[in-house]
Amino acid sequence: MVGQELTFWLAAVVLVILTVESGIKLLNRDSFGITIAVYVTLFAWYFVDPFLNPESYEYLPSSLLAESYGQVLLFLVGFRLFAPVATRWILRRPSSGIFDTRLTPEQILTAAGTLWFVLFLIGVYRMGGDVIGALFPLDGRGGPTMWGRGAVETGASGFLISSGGYVFNAVTAFLGVLVFFQRSTARRLLAGAVFAITLPYFFMAGARSHFLAAVVPFIITYLFFSRHPLMIRLAILAVAFVCLNEGFKFVVAFRDSGGYRDVLASENPYEMMSEDARPSGLNMIQELCFVDVYLQSGSTSPAYGGRYLNELLNFIPRVIWPSKPMIGIDYAKWRGFESVHDENGELGVNATISSGMIGGGVLNFGQILGPVAAGMLMAIWTGLLIRWWEQRQSLLRLVLFMLGAGLTFNLGRDITLLVLWPVVFAYFFVRLAEIWATARPREAPQLATVVPADATPIQLVAGRLSQ
């Protein structure tokens, strides 16, 4: 169906051209090439699902699909035009960061590992001392997890639990990135081991975005900084993609159906899965069609930034702001997920529905200005990533960039602080570390960025941190 729409092909051609442009800039060590992360994100969320699940689009009117891909095109235009402006403005802003902290990779690993251990102990305590249950939540979404809580918390503890979960997510990603910068084999193995034993928690808990937030920075760092030949790295990247794809099909199949206990008891778990199981959840172009109908039906009107404001202020605990709006509930009810069961009465819906990064813009500013506004927000985010990349002489800032780059993909589902909280908390701790490091006597050797003479193009882009 989508292949018959002119706007689909126009958007696809523009996306390819912009992706090639960013790829060339990246290979030429131009920081603006980091915009390729947004193009990959857009492709995954808006161009893949119609070909994986074509039957889901057969009932959508052709005119609606054409309108939605026209909005994708508007997003691309808005992003590409505003990205250079946003980047220049952000790079010119004075920085309060202290980049010559002289903290060694070993010291940073020690601090990150200590924070991880403290948070892990708190998580195990919340699990009643069940260490195995904390690391391997076999009941999936239906059971307790280290940082799980009710959907609507009216007490102060809800804010603290959520914050702890986001920090745990961030510090796990930090450990994965730091593996590549340790100068001793023992420390590399230690960082890798702690990182590896934590991943099952994010995987089995059922929230794919949290797992991606932990593992994607590791993958990006490997791609940029590994000493393996470029072709080997690309091959391993392809294998990682296949594993993620298959793993997420497994998670979707069992996270809500009683958990993984029956799976572990089965001799062949994949026999329990449907033979035609396919990746799901990448249907943001479908949601964009629904958002357009939602506005056209008169059920709502553009919020003129009100929904973005609610997202921004969502961090305020409900105990302080009892009437705090519940994000996206009106759209979920309109989509038919309103709940009449008591156990879901706190939300009033069976599930919340993401409208996508473009759909969110449409809900805020309408069908013409909305996609452009979403593109401008992503341009600002990209400018911030480029700023952190330009500050990569500091290992702390480089790790912050890797975490932010890893979270960019999750923004395709919604431009919201609920996605960005791990990097917000990480930035807070990075600033604390920079202030602390400059307040102590400087004895450690300074870290410098060194690019080997025989480096491959990707290595030239990344550079290397060494003594």
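We number each residue from 1, following the sequence as shown.
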Do [X] and [Y] make a side-chain contact, defined as non-hydrogen atoms from C-beta onward lying under 4.5 Å apart?
X: Y39; Y: L76; answer: yes
X: I36; Y: K25; answer: no
X: P371; Y: V72; answer: no
X: R93; Y: R387; answer: yes
X: P229; Y: I232; answer: yes
X: T382; Y: F79; answer: yes
X: Y222; Y: H228; answer: yes
X: M357; Y: L42; answer: yes

Between side-chain atoms of residues 209-221 and protein atoms elsewhere (two or more places apart, or another chain), which donor-acceptor pairs fall under 3.5 Å?
residue	atom	partner	partner atom	Å
T221	OG1	P217	O	2.7

Please report the interatomic distance [atom1]([X]) to [atom2]([Y]), rounded to the nearest 0.5 Å.
X: L411; Y: L377; atom1: CG; atom2: CG; answer: 10.0 Å
X: E58; Y: N53; atom1: CD; atom2: CG; answer: 11.0 Å
X: L175; Y: W116; atom1: CG; atom2: CH2; answer: 8.0 Å
X: L109; Y: L103; atom1: CG; atom2: CG; answer: 12.5 Å
X: R307; Y: D414; atom1: CZ; atom2: CG; answer: 10.5 Å
X: T110; Y: L115; atom1: OG1; atom2: CG; answer: 12.5 Å

Item to check | Criterion side chain to side chain donor-acceptor pair (under 3.5 Å) on S354 and R413, from CA distance to verdict | outcome: CA-CA 6 Å; S354 299; R413 193 169 180 86; 3.3 Å; yes
Test item: [X] side-chain N/O and [Y] main-chain N/O as donor-acceptor pair under 3.5 Å:
X: S297; Y: Y294; result: yes
X: E246; Y: C243; result: no
X: D30; Y: L26; result: no
X: W45; Y: F409; result: yes
X: S299; Y: L295; result: no
X: T416; Y: V419; result: no
X: R188; Y: Q182; result: yes
X: R233; Y: L223; result: yes
X: N364; Y: G360; result: yes

Using the side chain to side chain donor-acceptor pair (under 3.5 Å) criterion, which residues pair with [X]? Sequence neighbours excluded.
X: N314; value: none
X: T7; value: none
X: Y308; value: none
X: Q71; value: D292

Ring centers of [X], [Y] separated by less than 6.0 Å:
X: F181; Y: F225; answer: yes
X: F75; Y: Y46; answer: no
X: Y69; Y: F47; answer: yes

Is any NZ, NE, NH1 or NH2 atom of the basic residue among [X] and [Y] found under 4.0 Å from an Asp or Glu carboxylate oxygen of the other?
X: D330; Y: R335; answer: no
X: R80; Y: E21; answer: yes
X: E434; Y: R431; answer: yes
X: R187; Y: E106; answer: no

Quick one: closest heavy-atom pair of [X] and [Y], and the distance?
X: L288; Y: S68; result: CD2-O, 3.4 Å
X: D49; Y: L282; result: CB-O, 3.5 Å
X: T35; Y: F32; result: OG1-O, 2.8 Å
X: V171; Y: A112; result: CG2-O, 3.3 Å
X: A173; Y: L403; result: CB-CD1, 3.7 Å
X: I327; Y: N310; result: CD1-O, 4.0 Å

Checklist entry - Yes or no on side chain to side chain contact (heavy atoms under 4.5 Å, CB included) for L398 and W389, after CA distance, side-chain angles and deciding distance? => result CA-CA 6 Å; L398 177 61; W389 176 252; 3.7 Å; yes
Next on the checklist: Between N283 and S56, does the side chain to side chain contact (heavy atoms under 4.5 Å, CB included) criterion hold? Intermediate values first, please.
Outcome noted: CA-CA 9 Å; N283 60 326; S56 299; over 6 Å; no
Aromatic rings [X] and [Y]: how do their planes relate, parallel, tilted or perpendicular, breaks at 30° and 60°?
X: Y166; Y: F425; value: parallel
X: F51; Y: F8; value: tilted
X: W334; Y: F290; value: perpendicular
X: Y304; Y: F365; value: perpendicular

Item to check | Q107/T104 under side chain to side chain contact (heavy atoms under 4.5 Å, CB included): CA gap, chis, key distance, verdict | outcome: CA-CA 5 Å; Q107 290 172 321; T104 66; 3.2 Å; yes
Item to check | Atom CD1 of I368 with >12 non-hydrogen neighbours under 6.0 angstrom | outcome: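 No, CD1 of I368 has 12 or fewer neighbouring heavy atoms, counting only those of other groups under 6.0 Å.
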Checklist entry - What pairs with F202 under ring pair (Phe, Tyr, Trp, His ring centres under 6.0 Å), at least two apart in sequence or on another chain? => result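 Residues passing ring pair (Phe, Tyr, Trp, His ring centres under 6.0 Å) with F202: F168.
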Next on the checklist: Y57 vs Q286, test: side chain to side chain contact (heavy atoms under 4.5 Å, CB included). Steps then yes/no.
Outcome noted: CA-CA 7 Å; Y57 297 82; Q286 184 184 51; 3.6 Å; yes
